[in-house]
Amino acid sequence: MRLTVNGTEHEVVAPPLTTLLAVLREELFVTSPKAGCQQGGCGACTVLVDGEPRRACLVPLAAVDGAAISTVEGLGEADELSPVQAAFHEHYAAQCGFCTSGFMMAAQALVDRGDATIEREAVIEALSGHLCRCTGYVKIVDAVTAAVRGDVAPSDASADTDPQGEDAVTLIPGSPA
Amino acid sequence: LAERSVPFDEEHDRDQNRAMAAVTLIPTSPDEAASLFGEGEDLTVFAGGTILLPEIAAGRLKPTRALMLHRSGLDSLETSGDVVRIGATTTIAALIDGTDDLLTRFAEHVADGEVRRNATVGGNLCASPGVGSQRGDLGAPLIALGARVRSTGKGGERTEPVEDFLAAGPAGRLVLDVEFADPQAGASAVVRRPHAHAYTIMRVCAARVGDELRVAVSGAAPTAVRSRAVEQALADGADSAAAAERVLDDVTPDDDALASSWYRSRTLPVLVRRALDDLR
């Protein structure tokens, strides 16, 4: 069976009922989709299948033979975050990070739909299948809303990883920021 | 005790689980699906996979023969006049995008957007009752709409009301499509799923179809049920509050992870009353 993952074509040999999640993580070593609940409840394995967000743990390989899969690995460039990534960065929307890739792919699907005037309520509805056990929902919804509305500064991934001088931001571990 | 325990590695061996999809059949037309299904003996039917795939991946279900319907062409969605016909493998997401009626509004409450892209109408009707929660969120709206299920299997093709299909159970049947006519009016009352769960807790639907007023409940008992006691009470002239109390004649609410039978028993008549009041 054939899968195109983030633009690269792969020939996959696995039983037809193997989950897309197992194929991505264990055959192709694409590990951003997380194996959370593995029964469709948590959203951590969400990927785009031909542009639509789907749960990789609920999709059998045979059903996506020939499809194009997008994961977080395909977002942005090595030195430039995608708008969704930049928004998560800007809004401090990741805590432990386990749910983040699932949220990001759901967010990417919303961005692709291109509704620049999206209501916060609609964002919450679209993300309703995703759980964040750190309960960082407010910032996640902030980030996704900003990304969908295009309200994100273009971000250089390396720009503020090493803050210096007067612009240095002091983050106290455990602070609500 | 030690003798009965299964070593962790053995139970969770990845390759062992993968080898379990012994024979997989992938029909490419409705006719081929029906003929491969035959009488459904020793066959696991696979539509959206939202229920079966996690069971298989965890090694709890080891089908010897799997019939996968994703290329079977059973996903047509047709409207002619005021009749809607929904193919068995139509996804809930396609249903929401493709129809503009009462069922669409109910379908928007099924799980979340991503699960709805997998979950199918046929799977919803054939879902096993579930352990932690009730399944089959579309049962109540389909019964209220007076929908009829066409299925094939032992004894050939059969068309019957949804409530009869659900009562008999899906064993030995392959659902082909579901058909209903637009109702004159419809209403619904619901206790929605909490964020961390996929299933609607309870739903009551009422619809006026022809000269019938139909009332149905899902999420309270293992399958959705029609409440003829409520319908009869209304026909006999009872007001909505009095008629609503009769719902417990037809439904014995279950205990599960989402709600207790006590809670369901208290809440269900309230939902019925609200749906009926909304309908008027």
Side-chain angles (χ1 to χ4, degrees), chain A residues 1 13-23 25-27 33 35-67 102-103 105-106 109-110 113 122-133 135 137, chain B residues 14-15 17-26 44 46-63 65-72 89 91 93-94 97 108-120 123 130-133 192-199:
Chain A
M1 279 173 271
V13 180
L17 289 176
T18 311
T19 63
L20 174 60
L21 179 63
V23 170
R25 290 182 60 86
E26 294 162 19
E27 302 289 334
C37 72
Q38 299 186 64
Q39 43 185 299
C42 77
C45 66
T46 299
V47 300
L48 303 188
V49 177
D50 292 329
E52 296 283 330
R54 304 266 294 266
R55 297 273 202 278
C57 74
L58 295 183
V59 176
L61 177 60
V64 288
D65 186 11
F103 269 108
M105 295 321 289
L110 272 184
R113 223 186 292 161
V123 171
I124 292 172
E125 177 64 32
L127 299 176
S128 72
H130 294 255
L131 301 183
C132 166
R133 297 303 299 270
T135 68
Y137 294 109
Chain B
R14 177 163 75 90
D15 296 324
N17 289 340
R18 286 173 177 217
M20 283 307 147
V23 177
T24 308
L25 309 166
I26 305 181
T44 304
F46 213 93
T50 58
I51 292 170
L52 292 182
L53 199 59
E55 296 295 305
I56 292 169
R60 288 188 292 268
L61 176 70
K62 301 177 177 180
R65 290 165 71 231
L67 180 68
M68 296 184 74
L69 297 177
H70 61 281
R71 296 201 200 286
S72 67
T89 62
T91 63
D97 291 343
E108 281 172 349
H109 288 166
V110 175
D112 58 76
E114 287 133 29
V115 171
R116 292 198 289 260
R117 287 188 174 84
N118 271 25
T120 64
V131 181
S133 53
R192 286 191 71 170
R193 68 184 178 97
H195 176 202
H197 287 274
Y199 295 99

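In what follows, every chain begins at residue 1, and chains take the letters A, B, ... in the order their sequences are listed. Side-chain atoms are counted along with the backbone in the values below, which use heavy atoms only and exclude waters and symmetry mates.
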J.: Can Arg117(B) and Asp50(A) be counted as an ion pair, charged N to O under 4.0 angstrom?
T.: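 Between Asp50(A) and Arg117(B) there is no salt bridge, as every charged N stays at least 4.0 Å from the carboxylate O atoms.
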J.: Report which part of Ser128(A) has an atom under 4.5 Å of a heavy atom belonging to chain B: side chain, backbone, both, or neither.
T.: both
J.: Below 4.5 Å from any heavy atom of chain B, which atoms of Ala62(A) appear? Answer side chain, backbone, both or neither.
T.: both
J.: Please report the interatomic distance CD(Glu114(B)) to CD(Glu52(A)), rounded to the nearest 0.5 Å.
T.: 10.0 Å
J.: Which answer fits Gln39(A), side chain, backbone, both or neither, if we ask what part of it has an atom under 4.5 Å from a heavy atom of chain B?
T.: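 For Gln39(A), backbone and side chain are both near chain B.
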J.: Side chain, backbone, both or neither: which part of Ile26(B) has a heavy atom under 4.5 Å from chain A?
T.: side chain
J.: Evaluate the side-chain proximity of Asp112(B) to His130(A): yes if any heavy-atom separation is below 4.5 Å, no if none is.
T.: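 Of all side-chain heavy-atom pairs linking Asp112(B) with His130(A), none is under 4.5 Å.
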J.: Quick check for you: among Ala109(A), Gly40(A), Pro60(A), which has the greatest number of heavy-atom pairs under 4.5 Å with chain B?
T.: Pro60(A)
J.: Can you say whether Val59(A) sits under 4.5 Å from chain B via the side chain, the backbone, both, or neither, judging by heavy atoms?
T.: both
J.: Between Arg71(B) and Asp65(A), is there a side-chain heavy-atom distance shorter than 4.5 Å?
T.: yes
J.: When rounded to the nearest 0.5 angstrom, what distance separates CG in Leu17(A) from CE in Met68(B)?
T.: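 Going from the CG atom of Leu17(A) to the CE atom of Met68(B) covers 5.0 Å.
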J.: Using a cut-off of under 4.5 Å for heavy-atom pairs, which of Thr50(B), Leu53(B), Val115(B), Leu52(B) has the most such pairs with chain A?
T.: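 Ranked by heavy-atom pairs under 4.5 Å with chain A, first place is Leu53(B).
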